[in-house]
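These notes concern the structure reproduced below.
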Amino acid sequence: MERGSDEEDGETSRKKLRLSKDQSVILEESFKEHNTLNPKQKLALAKRLGLRPRQVEVWFQNRRARTKLKQTEVDCEFLKRCCENLTEENRRLQKEVQELRALKLSPQFYMQMTPPTTLTMCPSCERVGAPPSSSSGPTSTPMGQAQPRPMPFNLWANALHPRS
DNA sequence: CAATGGGCTGGAGTTACCTCA
DNA sequence: ACTGAGGTAACTCCAGCCCAT
């Protein structure tokens, strides 16, 4: 790698060059095609832009860094939304647990209550809390009635495809 | 075949300069 | 005119890879 190259052609201080609009456009286009350059491509691009190969190299390094930073921000937003969804889901489940506990304590109301929200119909088998046809295995629960509960929604899928 | 040293490259972090509100 | 913030070109340092010895 070229090091300390800013004093070539007698310029001792590092002068900051502002790339022209055209140069930026060409660099961006090139970056879209491939975000790294082999030495040949670098040389050709530098020649085309009237820049030193080192400048092209630096531009690509910085561009990759910017891309990564942006992606990190996007990922961060994504995780934040996941967290919010999970918090909300947790709140709901806590509430449901409370309701179920209340039901257990007062069985006289049991028959009048509508089923709790998370005991909704399984989208695949279309049953409400019914056991699978085969006998219950080692996963059967103490109550003997709890079933594998269908997931209300897929958090990751929701976060990934919020509009679908 | 494994070890080693040198050259090259990319990533991460930083600095210096420029622009603009 | 001055200033602080943000953007970015250019830098340093380091790690990883490849290749010749």
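By convention in this document, chain letters (A, B, ...) are assigned in the order of the sequence lines, proteins followed by strands, and residues within each chain are numbered from 1.
- Taking atom CZ of A:Arg18 as the reference point, atom C1' of C:dT8 lies 6 Å away to the nearest angstrom.
- Atoms CD (A:Gln61) and C1' (C:dT12) sit 11 Å apart, rounded to a whole Å.
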Task: Worked check of salt bridge (Lys or Arg N to Asp or Glu O under 4.0 Å) between A:Arg91 and A:Glu88 - done: CA-CA 5 Å; A:Arg91 227 193 306 276; A:Glu88 179 55 34; 3.6 Å; yes

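- When atom types are taken as modelled, the side chain of A:Gln55 and the backbone of A:Arg52 share a donor-acceptor pair closer than 3.5 angstrom.
- Distance CD (A:Gln71) to P (B:dA12): 13 Å, rounded to an integer number of Å.
- For the pair A:Arg66 and B:dA12, the criterion of a side-chain N or O lying under 4.0 Å from OP1 or OP2 is not met.
- Residue A:Arg52 contributes atom CZ, which lies 10 Å from atom C1' of C:dA10 at whole-angstrom precision.
- With respect to A:Thr67, the side chain to side chain donor-acceptor pair (under 3.5 Å) criterion is satisfied by exactly one of A:Lys70, A:Arg64, A:Arg63: A:Arg63.
- Among the atoms of the strands shown, only primed sugar atoms or phosphate atoms (P, OP1, OP2) are found under 4.0 Å from some heavy atom of A:Leu37.
- Residue A:Asn38 contributes atom CG, which lies 16 Å from atom C1' of C:dC17 at whole-angstrom precision.
- Side-chain proximity of A:Pro39 to B:dA12, B:dG10, B:dT9: nearest is B:dT9.
- Side-chain atoms of A:Lys42 lie closest to B:dT9 of the nucleotides B:dT9, B:dG11, C:dT8.
- B:dT9 atom P lies 11 Å from atom CG of A:Leu43, rounded to whole Å.
- No salt bridge links A:Lys32 with A:Glu29; every basic N to acidic carboxylate O contact stays at or beyond 4.0 Å.
- Formation of a donor-acceptor pair under 3.5 Å by the A:Glu77 side chain with backbone atoms of A:Val74 is not found in this model.
- Distance from the side chain of A:Val58 is smallest for C:dA10 among the nucleotides B:dT9, C:dA10, B:dG10.
- For the pair A:Arg54 CZ and C:dT12 C1', the interatomic distance rounds to 10 Å; values are reported in whole Å.
- When rounded to the nearest whole Å, the span between CD of A:Glu57 and C1' of B:dA12 equals 15 Å.
- The side chain of A:Lys68 lies closest to B:dA12, out of B:dA12, C:dA10, B:dG10.
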